[in-house]
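Side-chain atoms are counted along with the backbone in the values below, which use heavy atoms only and exclude waters and symmetry mates. Indexing begins at 1, ligand by ligand and atom by atom, following the structure's order. In what follows, residues are counted from 1 in the order of the sequence shown.
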Amino acid sequence: MSRILLQGGRVIDPSQHVDRVTNLLIDDGKIAAYDAQPTGEETVVDASGKIVSPGLIDMHVHLRQPGREEDETIATGTAAALAGGFTSIACIPNTEPPIDTQANVAFVLDQAAKADNCNVFVVACVSRGREGKELAEIGQLVQAGAVAFSDDGAPVYDPELMRRAFEYCQMFGKPILNHAEVRELTTGGVMHEGLVCLVLGLSGMPAEAEDVMTSRDISLAEATGGHIHLMHVSSAGSVDMIRRAKVRGVHVTTEVCPHHFTLTDECLRTFDSKFKMSPPLRGQRHVDACVAGLVDGTIDVICTDHAPHAAEKKMEPLDRAPFGIVGLETALGLVVTKLVEPGHLDWSTAIEKMTINPAKILDLDKGTLQVGADADVTVIDPDVRWVVDATNFCSRSRNTPFDGWSLRGRGNVVIVGGQIKHVVDKHVIDKRVVDSK
Ligand SMILES: [Zn+2]
Ligand SMILES: [Zn+2]
């Protein structure tokens with residue numbers, strides 16, 4: 001396998017507290033050496049002025065296949081991941097059929113291998129058929145390769161089922177990823193319940209719908225010793241509860257999506273369904289709480305909740321259009337533009353939340369540039385300004401509220417297992433193979 005020398009980049013690897021300009025050598029698919037010098041036998045990537053980061057990980061992606069290939073496929077979703085700078089993703093099992101059997105896990109892994117883009121890790125269903133009635137075969141699914149369990153798209157509703165799920169998943173050291181929402185409080189809702197909602201005359205989804213379920217999940221995790229990972233946190237109340245639970249030593253982790261630290265419910269004044277997601281965009285107070293949670297470490301992970309929907313579905317009127325937006329190809333730019341540039345997070349902390357933290361939660365051998373680790377690397381251009389053009393997305397769907405936005409920062413060279421999989425700026429790569437005598 002080929003050798004690649006990443007020359008003169010600022011290597012930031014929070015897993016080893018590394019932040020310095022150096023040369024990094026990749027050999028035979030692994031991180032081979034720091035401070036390496038060119039020998040003339042490797043592909044040289046000029047990384048000067050760039051950040052060399054462990055390959056980014058998105059632990060919350062809806063790939064839609066099987067069943068909804070008109071929205072996304074495993075091939076197009078993983079291509080979108082590479083275009084966004086991600087080398088690994090975890091896919092959520094609310095497909096049709098849902099990923100609740102060993103055969104379905106194998107199908108996803110097989111399609112991902114065929115696509116040969118980024119690494120794909122499978123999250124399997126908590127309940128059989130995602131029906132929330134009986135537990136899926138947790139042990140068998142772990143054997144097939146499932147890294148976590150979730151009924152996302154919907155919460156695990158029955159608290160008794162959730163309690164048993166914690167007990168089972170704990171035996172295998174796996175987290176439960178829950179979508180925290182009390183449905184009785186959100187029935188018919190299209191946006192956050194607040195002043196804007198009242199003015200627009202739309203039906204609301206109050207923050208308490210999230211808070212009450214977050215509280216239940218923390219209680220059950222605390223009682224069982226299980227690991228709850230709260231998905232797409234969006235409310236000030238939830239961030240506060242998670243912060244306090246962490247202090248008590250509860251095994252709770254959480255994630256936030258770029259739209260929830262970037263946009264507010266004011267966007268719904270356009271009545272554009274590209275601003276419709278679940279949980280909904282909330283008021284500024286909640287956005288500020290999410291940013292504060294990122295800053296003080298309450299929020300461990302930044303993920304996308306990439307939720308592709310074909311154009312004809314999102315064209316429906318607001319009350320009928322589906323929830324969710326695509327996120328893989330805009331996430332890094334939003335993190336840089338909205339968190340790093342304004343000084344909320346330094347580079348190391350931002351990268352930590354997109355590499356080693358999700359790797360630890362899912363227990364993956366990823367997210368690090370330690371010598372001997374898999375050579376998954378994202379070379380980030382931290383300064384480049386670019387304009388989001390959804391027509392150029394690799395994703396099959398275009399449902400983004402960020403089309404036309406000017407963002408800073410982008411993955412420039414994306415390396416998976418020692419192979420260059422995606423390049424924006426081709427001139428940084430110079431293959432200089434000389435006679436080895
Ligand atoms: Zn969800
Ligand atoms: Zn989701």
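- With a cut-off of 2.8 Å, the Zn ion (ligand 1) has no N, O or S atom of Glu181 in range.
- Judged purely by atom type and a 3.5 angstrom limit, Lys338 has no side-chain atom pairing as donor or acceptor with the backbone of Phe261.
- By the 30° and 60° cut-offs, the orientation of the rings of His286 relative to His192 is perpendicular.
- For Asp305, the N, O or S atom closest to the Zn ion (ligand 2) goes by the atom name OD1.
- Asp152 contributes atom OD1 as its closest N/O/S atom to the Zn ion (ligand 1).
- Using a cut-off of 4.0 Å between Lys/Arg side-chain N and Asp/Glu carboxylate O, Arg396 and Glu70 are scored as not salt-bridged.
- Among the candidates Lys50, Arg408, Arg410, the single residue satisfying the salt bridge (charged side-chain N to carboxylate O under 4.0 Å, His left out) test with Asp383 is Arg408.
- Draw a line from the Zn ion (ligand 1) to NE2 of His232 and another to ND1 of His179, and the angle between them is 90° (to 10°).
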